[in-house]
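One structure is given here, and the rest of the page talks about it.
Per chain, numbering begins at 1; letters A, B, ... match sequence-line order. What you see is a predicted model; the values in this text were computed from it and never measured.
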There are 2 protein chains.
Amino acid sequence: MVKKDKDASTQERILLAAKKVFVGKGMAGARMQDIADEAGINKALLHYYFKNKEQLFEKIFQEAATLLFPKLNIIFDSDLPLFEKIEKFAEEYITVMMLNPFLPLFVLNEITRDPNNFVKKIWTGDKPHPQKLMQQIDKEVKKGTIKKISAVQLLMNLTAMIIFPFVARPMYQLTIGINEKEFRAIMEERKTLVPKFIIDSIRK
Amino acid sequence: MVKKDKDASTQERILLAAKKVFVGKGMAGARMQDIADEAGINKALLHYYFKNKEQLFEKIFQEAATLLFPKLNIIFDSDLPLFEKIEKFAEEYITVMMLNPFLPLFVLNEITRDPNNFVKKIWTGDKPHPQKLMQQIDKEVKKGTIKKISAVQLLMNLTAMIIFPFVARPMYQLTIGINEKEFRAIMEERKTLVPKFIIDSIRK
DNA sequence: TTTTGTTTTAACCAAATGGTTAAACTACAT
DNA sequence: ATGTAGTTTAACCATTTGGTTAAAACAAAA
């Protein structure tokens, strides 16, 4: 059997290229030729590795979703006290997304386009389940440790403040005129700022 | 001269249909045939009213952007005290978006796909300018009226908590299992909850 | 009734696009 | 040297899609 490993295994280069093109243009806007070009190969070879666009897309999308979602549950289900859980969530999640700043919009898009397909093909059993965290919030409210707030609302506030900046980055860059470097710095600061902001708001 | 006004002026029906299809599938994913079908007409008539896809898309997109953005500046530039400004912003903005819940994702997408084209063709002079609000924040911080926080960060928190739920609705529906009606109720509550949440956090 | 703008039908065109095929070439492993 | 997997070239195919065209039907104003 013969195995060439030219550069970074053509297959790897294709996946890299496909990720870039799909994330940038979406499934509908992406062209197989774009992917081939980006990978520095030709269409024939692209199809030699991947039967068709759909299969390739699903591979990319699954990769993206598995990168974004599964770490959530580890934090959601951990036994940390509420405030620490919030801190850890922000810290870890922003770290992950700073490595893949375009993934959130990409994934949100595809979920929106076809939620059922998403559930079937991507969340095969292990979707995020914030229920434990939500119960924890309810419990703290009942104990009177924190101000009264519904768990859903608090969860929305938390996730919104963490994820949205990545989704709206170009808008922020256009309106308040921040560059790439400044954006990174801001997001770095948010790792601790967001938890503090939340805790300051709900602490009694 | 002859003017028929069958139903709701075919042109209006086309724009309605185009909005639905474009917002749902994006520029690349939308098909002229889809739009014709949705409008209950045929392709020939569609092109009788609109030269081509691009022109139609731009009309829709401009409409969407003008709906989402321009009211911002009125609030941004008003002379209200900070807390009231925050309250008004949340109230009015959530109201607008509840009437067009899919617009935010649509607009964010197109800004991301091609920021320059967006600036050229959509923001011809009157883009959102939160600068005055940001100065106001800085001033309050200096006066010591509110806790120390950078204006950008506070602005991000505010916009994120207001806009993100609309962008991520399908995700929330899948993970915490809320239906359409519940979502509306939650967003209704957020009109006052978000300002309260913020003010509780930054008030000294 | 004639005119004029609207709408349908239906065929058609050209370009883009996903995908295929076959032949030839390359480089490595045996 | 030979076989095999990887790769290129280049032509090709079928389908989709944006867009056009021409003729006829329609509806209302003049």
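- As rounded to whole Å, 13 Å separates atom C1' of C:dT17 from atom CG of A:Asp37.
- Within the cation-pi definition used here (under 6.0 Å to the ring centroid, within 45° of the axis), B:Arg13 does not qualify as a partner of B:Tyr49.
- When the C1' atom of D:dG19 is taken as reference, atom CD of B:Glu54 falls 14 Å away, rounded to whole Å.
- A donor and an acceptor atom, one from each side chain of A:Arg184 and A:Asn179, are nowhere located under 3.5 Å apart.
- For A:Phe118, the ring pair (Phe, Tyr, Trp, His ring centres under 6.0 Å) test picks out A:Phe61, A:Trp123, with sequence neighbours left out.
- Remark: A:Tyr48 is not in phosphate contact with D:dT8, judged by side-chain N or O atoms under 4.0 Å from OP1 or OP2.
- The CD atom of B:Gln11 sits 10 Å away from the P atom of C:dT6 (whole-angstrom rounding).
- Here A:Phe50 lies out of heavy-atom contact (under 4.0 Å) with every strand.
- At whole-Å resolution of the value, CG in B:Leu45 and P in C:dA10 are 16 Å apart.
- Counted by atom type alone, B:Tyr93 and B:Thr159 present zero donor-acceptor pairs between their side chains at under 3.5 Å.
- The CZ-C1' distance, from A:Arg13 to D:dT7, rounds to 11 Å in whole Å.
- Taking the centre of each ring, A:Phe102 and A:Phe106 stay at or above the 6.0 Å mark.
- As a whole-Å value, the separation of B:Asn42 CG from D:dA24 C1' is 13 Å.
- Here A:Thr10 does not reach the OP1 or OP2 of D:dG6: none of its side-chain N or O atoms lies under 4.0 Å away.
- Considering B:Lys127, B:Gln131, B:Lys132 in turn, B:Gln131 is the only one that fulfils the side chain to side chain contact (heavy atoms under 4.5 Å, CB included) rule with B:His129.
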Reading 5' to 3' through nucleotides 12-18 of chain D, protein heavy-atom contacts under 4.0 Å coded B for base, S for sugar-phosphate only, - for none
-----SB

